[in-house]
Amino acid sequence: MVQTERMVVETIKEIKAQKVVIFGANGMLGYALQQVFAQAHFFGHPDVEISDKTAVMKMVKRERPSVLINAAAYNDVDRDRKSTRLNSS
């Protein structure tokens with residue numbers, strides 16, 4: 001376990017040394033990643049709609065990151081459950 005933890009820490013150090021872009025900055029995971037990757041460039045839903053391929057590619061071309069982390073998530077679980085039930089009827 002200690003060896004695995006050491007590998008994770010070393011990997012994070014390597015990533016921190018590069019230009020990092022993180023999508024989903026306003027969510028729970030995005031917030032946690034801000035604590036780890038303070039120097040990263042963070043983007044939330046108001047900045048880019050991740051379901052819009054053209055908008056995402058434009059952002060990536062502009063920022064030119066070495067590492068891109070997608071921490072965005074769909075979080076309207078109740079609506080999704082209702083939609084699933086309606087569609088399966």
Side-chain angles (χ1 to χ4, degrees):
M1 185 68 156
V2 173
Q3 180 65 24
T4 302
E5 290 172 2
R6 198 170 295 141
M7 288 173 49
V8 169
V9 169
E10 291 303 316
T11 301
I12 290 172
K13 286 179 182 177
E14 289 175 21
I15 292 172
K16 282 183 171 182
Q18 301 175 45
K19 182 171 183 179
V20 178
V21 165
I22 299 177
F23 290 150
N26 301 328
M28 291 172 53
L29 178 56
Y31 178 77
L33 289 169
Q34 289 181 46
Q35 310 312 302
V36 177
F37 299 101
Q39 302 301 321
H41 300 260
F42 294 92
F43 299 96
H45 189 262
D47 305 308
V48 63
E49 171 56 57
I50 65 162
S51 64
D52 181 346
K53 181 179 177 180
T54 302
V56 170
M57 292 307 296
K58 184 178 177 180
M59 174 82 66
V60 170
K61 285 179 182 177
R62 186 182 79 222
E63 294 295 323
R64 303 183 58 82
S66 298
V67 177
L68 190 146
I69 299 172
N70 181 10
Y74 178 74
N75 63 3
D76 194 348
V77 177
D78 292 333
R79 180 175 162 200
D80 188 52
R81 285 182 183 154
K82 288 177 188 174
S83 175
T84 302
R85 277 191 230 123
L86 291 173
N87 290 331
S88 65
S89 297

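All residue numbers refer to positions in the sequence shown, counting from 1.
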Task: Closest non-hydrogen atom pair between A71 and G30, with its separation - done: CB-N, 4.1 Å
Task: Nearest heavy atoms of R64 and K19, plus distance in Å - done: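 R64 and K19 have their closest heavy atoms at O-CD, 4.0 Å.
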Open item on the list: Would you say CD of Q39 has more than 12 non-hydrogen atoms from neighbouring residues, nucleotides or ligands within 6.0 angstrom?
Closed with: no
Task: Minimum side-chain heavy-atom gap F37-V67 below 4.5 Å - done: no
Task: Validation row: F42, N26 side chains within 4.5 angstrom (heavy atoms) - done: no
What about [X] and [Y], same hydrophobic cluster or not, with Ile/Leu/Val/Met/Phe/Trp/Tyr joined at side-chain heavy-atom distances under 4.5 Å?
X	Y	value
M7	I69	no
M28	Y31	no
V36	I22	yes
L29	F43	no

Task: Residues V21, V60; criterion side chain to side chain contact (heavy atoms under 4.5 Å, CB included); working and verdict - done: CA-CA 8 Å; V21 165; V60 170; over 6 Å; no
Open item on the list: Determine whether a donor-acceptor pair (N or O, by modelled atom type, separation under 3.5 Å) exists between the side chain of K16 and the backbone of A38.
Closed with: no
Task: Gap separating the CG atom of N70 from the CD1 atom of I50, nearest 0.5 angstrom - done: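 Answer rounded to 0.5 Å: 4.5 Å.
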- [ ] Quick one: pull up CZ in F23 and CD in E49 and give me the separation to the nearest 0.5 Å.
- [x]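 F23 CZ to E49 CD: 11.0 Å, rounded to 0.5 Å.
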